[in-house]
Amino acid sequence: YQRRVHGTLSECLFFFAMVPCLGRLSHMDDNQRLALRQLQCRVGAADSPSACSQLLRCLVAKEFDVEAAYKKHVASQEWNVGFDHRDGQCAEAFMPELQSGKIQFLGHDDEGRPVLLARMALHRPKQSPAELIHRLVVVLLRHFCQSMVYPVEQFVLVLDQAGASLRNVDVAMERRVLATFQRHFPDRLAACYLVNSPLVIRSFIDRVLRPLLKPRCLAKVHFLSAGELVRHLPPRIVPARYGGASALDVDAPAQELIAQLTARYAVRAVSCAMSSWAGASTSSALAPP
């Protein structure tokens, strides 16, 4: 009797934990719910909305194939642990990119999602190595994903392509970023607004990048004029250059991003130093006389 009651309570707790997740993904049938439950049991995840939602993103990316979603989850966890030990090493190298104004943090939309602005015309592939830009993009994605408070799980990207040409395009870097994004950040993108796209850039995107994106991701990409951005984002966070009410100077260094990343790496540096000190102390104490 106790086992039956405990099982029933567990199922009820799982259902209530899943309500917010099901609300976001909306159309889940019984087989999909079963797949989620199987993946949760295999991973050993807690019955919390955030943990369930993380597994849901993997399942959606793999079309609810439990085995494939499990491998994706494990691979992403291992990749994240490995990246944790490397991303702080290039923190200082990121600063010129953030000071150039090519990336700005606009704020949060009405759903609490962080909104980033990137300006393609300011990117110089010969001056900014592909490896550095790829690492910077990953660091920013990880930073905002880790700072999200459930039920916020996604971010919005605005890509201003005014004045851009093919000399601002780095195909190898963009392919690598897209591959990393789809492999390790499933269903994190809420929307991508491409603003002021020249015909040559739009043709390049249709010809080269579009085949690399899955249909679910393609549905989130929208071409807009500058004035149309306020129809999709609250005017309070849209800079005046794009018809909004924000006083943010998009030509200035990304001071808020710089401050956030500086604080993050300062804390991490202290944490790593303390861990190293504790490890050294333990080794010294255990060492034979």
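All values derive from a computational prediction rather than experimental measurement.
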From Leu98 atom CG to Leu257 atom CG, the distance as rounded to the nearest 0.5 Å: 6.0 Å

From Arg188 CZ over to Leu157 CG, what is the distance, rounded to the nearest 0.5 angstrom? 15.5 Å

Working for side-chain hydrogen bond (donor to acceptor under 3.5 Å, both in side chains), residues Gln40 and Arg37: CA-CA 5 Å; Gln40 186 199 28; Arg37 186 59 169 165; 2.4 Å; yes

Do [X] and [Y] have side-chain heavy atoms sitting under 4.5 Å apart?
X: Cys52; Y: Leu56; result: no
X: Val200; Y: Phe204; result: no
X: Leu34; Y: Val66; result: no
X: Glu97; Y: Ser128; result: yes
X: Met120; Y: Val169; result: yes
X: Asp29; Y: Gln32; result: yes
X: His143; Y: Gln260; result: yes
X: Asn168; Y: Ser165; result: yes

Residue pairs passing the salt bridge (Lys or Arg N to Asp or Glu O under 4.0 Å) test with at least one member in residues 217-226, sequence neighbours excluded, are Asp187-Lys220

Listing request: all salt bridge (Lys or Arg N to Asp or Glu O under 4.0 Å) pairs with a residue in residues 237-246, at least two apart in sequence or in separate chains. Arg241-Asp251

Could you work out, with side-chain hydrogen bond (donor to acceptor under 3.5 Å, both in side chains) as the rule, every residue matching [X], not counting sequence neighbours?
X: Gln99; answer: none
X: Glu174; answer: none
X: Glu63; answer: none
X: Asp110; answer: Arg236

Heavy-atom closest pair, residues [X] and [Y]:
X: Gln54; Y: Glu153; answer: N-OE2, 4.4 Å
X: Ile258; Y: Pro253; answer: CD1-CB, 4.5 Å
X: Ser225; Y: Glu228; answer: N-OE1, 2.8 Å
X: Pro198; Y: Ala164; answer: CG-O, 3.5 Å
X: Gln154; Y: Pro114; answer: O-CD, 3.6 Å
X: Ala254; Y: Gln104; answer: CA-OE1, 3.5 Å

Within one Ile-Leu-Val-Met-Phe-Trp-Tyr cluster: Met95 and Leu141, side-chain cutoff 4.5 Å: yes

If two hydrophobic side chains count as joined below 4.5 Å and joins carry through other members, does Leu122 share a cluster with Leu159? no

Under the rule for side-chain contact (heavy atoms from CB on, under 4.5 Å), what residues qualify as partners of Ala162, not counting sequence neighbours? Asp160, Asn196

Any carboxylate oxygen within less than 4.0 angstrom of a Lys/Arg side-chain nitrogen, looking at Arg176 and Glu131? yes

Out of Lys62, Arg42, Lys72, which residue meets the salt bridge (Lys or Arg N to Asp or Glu O under 4.0 Å) rule with Glu67? Arg42

Parallel, tilted or perpendicular: which describes the rings of Phe181 and Phe155, with under 30° parallel and over 60° perpendicular? perpendicular

Grouping ILVMFWY residues whenever side-chain heavy atoms fall under 4.5 Å, the cluster of Tyr193 otherwise contains Leu106, Val115, Leu117, Val156, Val158, Val195, Leu224, Leu229, Val230, Leu233, Ile237, Val238, Tyr242, Leu248, Val250

List, by chain and then residue number, the residues other than Val149 in its hydrophobic cluster (Ile/Leu/Val/Met/Phe/Trp/Tyr, side-chain heavy atoms under 4.5 Å); write none if there are no others. none

Sequence neighbours excluded, the answer for ring pair (Phe, Tyr, Trp, His ring centres under 6.0 Å) partners of His184 is Trp79

Among residues at least two apart in sequence or on other chains, which ones pass ring pair (Phe, Tyr, Trp, His ring centres under 6.0 Å) with Phe105? His108, Phe144

Whether over 12 other heavy atoms sit under 6.0 Å from Arg124 CZ: yes

Can you tell me if CZ on Arg183 sees more than 12 non-hydrogen neighbours from other groups inside 6.0 Å? no

Go through the structure and list residues passing salt bridge (charged side-chain N to carboxylate O under 4.0 Å, His left out) with Asp170, not counting sequence neighbours. none

Ignoring hydrogens and angles, tell me if any N or O in the side chain of Ser76 forms a donor-acceptor pair with the backbone of His73 under 3.5 Å. no

